[in-house]
Number of protein chains: 4
Amino acid sequence: MARVSQAHLDARRQQILDAARRCFVRNGFHATSMADLLAEAKMSAGGLYRYFNSKDEIVTAIAAQALHGVSGAIEAVIGAQTLPPLHTIVRRLAGEGSPLCADRDAARLLVQIWAEAARSPRIQERFQEAFSGAEAVIGTLIAEYQRRGLISPEVNHTQAARLLIGLLHGFVVQRALLPDAHPDTFNPGLAGLIFGGTS
Amino acid sequence: MARVSQAHLDARRQQILDAARRCFVRNGFHATSMADLLAEAKMSAGGLYRYFNSKDEIVTAIAAQALHGVSGAIEAVIGAQTLPPLHTIVRRLAGEGSPLCADRDAARLLVQIWAEAARSPRIQERFQEAFSGAEAVIGTLIAEYQRRGLISPEVNHTQAARLLIGLLHGFVVQRALLPDAHPDTFNPGLAGLIFGGTS
Amino acid sequence: MARVSQAHLDARRQQILDAARRCFVRNGFHATSMADLLAEAKMSAGGLYRYFNSKDEIVTAIAAQALHGVSGAIEAVIGAQTLPPLHTIVRRLAGEGSPLCADRDAARLLVQIWAEAARSPRIQERFQEAFSGAEAVIGTLIAEYQRRGLISPEVNHTQAARLLIGLLHGFVVQRALLPDAHPDTFNPGLAGLIFGGTS
Amino acid sequence: MARVSQAHLDARRQQILDAARRCFVRNGFHATSMADLLAEAKMSAGGLYRYFNSKDEIVTAIAAQALHGVSGAIEAVIGAQTLPPLHTIVRRLAGEGSPLCADRDAARLLVQIWAEAARSPRIQERFQEAFSGAEAVIGTLIAEYQRRGLISPEVNHTQAARLLIGLLHGFVVQRALLPDAHPDTFNPGLAGLIFGGTS
DNA sequence: AATGAATGAGAATTCATTCAT
DNA sequence: AATGAATGAATTCTCATTCAT
């Protein structure tokens, strides 16, 4: 039946998503027209609509991919053999060599996605799924720290995880909107202020 | 000259901004049409355009007001006579009684504004102004803590301030997108995990 | 009854028309908004509408005034005691010192009026009235030339008059649209080519 | 590449221009809305905008076509093998069988174009180009008459050409605005009054 | 499978005009 | 008489999507 291989279809689909991501980073979801996207992907309108039924579907796919990427990156970092010290968590997650690598483009895309998630139940759902995943993984990390006596056993896993994810998200905002934001300057604040201080 | 009082003009302008804010919270900047906005404000198109020259001008005004509101709220909290313990900072800033009061609507609006700031140099500028203001105020707070010996004197003010603002922004994201996010559950994470733990 | 003198009313009306003429010369009838006109006349909308019922009425009044001015100027020149030689007719009518004085502004206004006359029966009527008047006056001039033996008695008055008016209109077009058009350079063509040549 | 032939695209473009010309003749440039034009062309808005980027572009194209048509027609008539007598020039140029054929519609369109040229530098430029072309061609005609001894060698070519073009334009005004204007009644004036008379 | 011309609803904005003050 | 805030229909143009080829 199929006239072209599945691999070809997948590649074409990814070509569209890659082009879309570049456009969305540049201009956001709404200010990117299908014409922009088609030009970036070097495709025809009719061609694209074989792979996605609507612009919205592309937006959702990009959002899902990005959100899944974030929680995946968190799992990758956390799952590493050697447990990183907590105060390096943001650099580990968002720094240059990390699987998440929150460079400015990635950060901008995430901010766009959050904004869209606030309007689209579909994307909000994806956000919550990814968030829950990260929460669980980081909860396990907390438990491990507690097992090793590095964190008080009274700390609530979920609350602690949300705080760490919040730190990461806060960094993403700065990365997206401040020219000089960088994991290496965000991290010391974490180390110095909080772990070095007392309440 | 004017046949209506300045107060009336100001009220009308605010009526537009209030309607715009409600629409933008609900649907974001781009998915809100001028028709939506006009219906919400119960105004005619021509009438509105006496107060703002374009939709963009309204968006910018809303963004400026909101960003300025955040840094103003931070100043208000920090400037209070009694210095709050650091680990209550997010609740103080974003909690129910606070001047910022990051309820879900306010949080959603902020997320929209960040997304728009990533595209609009004008709004990005406003973000950076507000950010710098908050940075300075919190820097002063850090210094005060250091003077009192509560924080190590080696901590860099700017880095520490950025971290605290990041915590706040991270909470805003959760407030906007998680149904159960609340300052009272975010704060304990801060207290428990970080101040109660060791690196 | 009247709270202000008739003279005041007339002056106000003329103030509007003068402002309108300046706007129309600059931008044409359609590209001039009532707001432009109100600013130029330093009046309020409500105020103006006491003197004219619509923008169209102002346009028509300006057109009528201008067209009547042209035929009036022709009468003035023709009616002079000393009969001007025919080949100086355009300079006499359109030159610096003439009552018509087709400077660039006046020429541009006339061209606007013709364009509007092609759409508006009301203005076309005014054009035809003014044209008939000029035709009659120039017809009389032709007759006088014939009486003096300067023109063949076989020449049809109307046809000759239309030709002369055509010359004048042709000059107006050039005056409006060519930077270097001038009665002094248009006239010699008339003198040299036609009266100096033979068929 | 294209799924329709170039001929189809050209035809579509011309279909738009033809519809536009009909609308503009009827109502002028400004009083013709895009909706009018779309209805006349039996096209959708989106379709039309593939061929022209703006209403202004259509106006400019129509103006350019018409102005170029006039100077082209002048060249065609002047370039004929047999040199026409000067006093038949307007009939030759504007009469029924001529390439210019200044029927009422064409005349009205020209008058609209002049009015627009007074406001639009772009169209004014086109007018001046076409005018220069016609000036040059008619200058050559004058020279030929002079070579044959039919016109005094002292006559300035440019001035004479401008006068003849002025005659033509003057006729166009009458054709546009007087119900009974016709080349056959304009010409005799030229023949009778001027060539038959003496100064 | 792919193209790109075509659609038409909907977007932001303007403008002549009205009318409460 | 005069003001200018307000109206809302109309304007130009865009855009996601479809479908004949």
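So you know, we letter chains A, B, ... as the sequences are listed, proteins then strands, and number each from 1.
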Tell me every residue that passes side-chain hydrogen bond (donor to acceptor under 3.5 Å, both in side chains) with [X], counting only those two or more places apart in sequence or in another chain.
| X | result |
| --- | --- |
| C/Q124 | none |
| A/N27 | B/R119 |
| C/D10 | C/Q6 |
| B/R126 | none |

Taking side chain to side chain contact (heavy atoms under 4.5 Å, CB included) as the test, write out the residues that go with [X], two or more places apart.
| X | answer |
| --- | --- |
| B/Y51 | B/L9, B/R12, B/R13, B/I16, B/M43 |
| B/S54 | B/D56, B/E57 |
| A/R26 | A/R22, A/C23, A/E40 |

Output the distance between atom [atom1] ([X]) and atom [atom2] ([Y]), rounded to the nearest 0.5 Å.
| X | Y | atom1 | atom2 | answer |
| --- | --- | --- | --- | --- |
| D/R21 | D/I58 | CZ | CD1 | 12.0 Å |
| A/L109 | A/E116 | CG | CD | 11.5 Å |
| A/I62 | A/I113 | CD1 | CD1 | 7.5 Å |
| A/S33 | A/K55 | OG | NZ | 7.0 Å |

Length of the [atom1]-[atom2] vector between [X] and [N], whole Å:
| X | N | atom1 | atom2 | result |
| --- | --- | --- | --- | --- |
| D/I58 | F/dT12 | CD1 | C1' | 11 Å |
| B/M43 | F/dT7 | CE | P | 6 Å |
| A/L48 | F/dC15 | CG | P | 16 Å |
| C/F52 | E/dT18 | CZ | C1' | 18 Å |
| C/E57 | E/dA16 | CD | P | 15 Å |
| D/L9 | E/dG4 | CG | P | 11 Å |

Could you give me the stems involving DNA chain E, meaning stretches of three or more consecutive Watson-Crick or G-U wobble pairs whose two defining distances are both below 3.5 Å?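 Stem segments, range with range: E:2-21 with F:2-21.
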Output every pair passing ring pair (Phe, Tyr, Trp, His ring centres under 6.0 Å) with a member in residues 14-41 of chain D, not counting sequence neighbours, ordered by first then second residue.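 Output for this query lists C/H30-D/H30, D/F24-D/F29.
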Contact residues, residues 25-40 of chain C to DNA chain F [heavy atom, < 4.0 Å]: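 When residues 25-40 of chain C is checked for heavy atoms under 4.0 Å from DNA chain F, there are no hits whatsoever.
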Please give me every residue in residues 11-23 of chain B whose heavy atoms get under 4.0 Å of an atom in DNA chain F, ordered by residue number.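 By residue number: B/R12.
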By nearest heavy atom, map A/R50 and C/K55 onto DNA chain E; which one lands nearer the 5' end?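 The residue whose closest nucleotide sits nearer the 5' end is A/R50.
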OP1 or OP2 of F/dA1 versus the side-chain N and O atoms of C/Y51: is any pair under 4.0 Å?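 False: C/Y51 side-chain N/O out of range (4.0 Å or more) of F/dA1 OP1/OP2.
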With a cut-off of less than 4.0 Å, is there a side-chain N or O of D/S44 near OP1 or OP2 of E/dG8?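 Answer is no, no contact under 4.0 Å.
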Can a salt bridge be assigned to the pair C/R108 and C/D105 using a cut-off of 4.0 Å between side-chain N and carboxylate O?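 No, no charged N to carboxylate O under 4.0 Å.
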So do the side chains of C/Q128 and D/L177 get within less than 4.5 Å of each other, counting heavy atoms only?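 Not touching, per the 4.5 Å side-chain cut-off.
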Between protein and nucleotides 19-21 of chain E, what N or O pairs are separated by less than 3.5 Å?
{"unit_1": "E/dT21", "atom_1": "O2", "unit_2": "B/R3", "atom_2": "NH1", "d": "3.3"}
{"unit_1": "E/dT21", "atom_1": "O2", "unit_2": "B/R3", "atom_2": "NH2", "d": "2.2"}

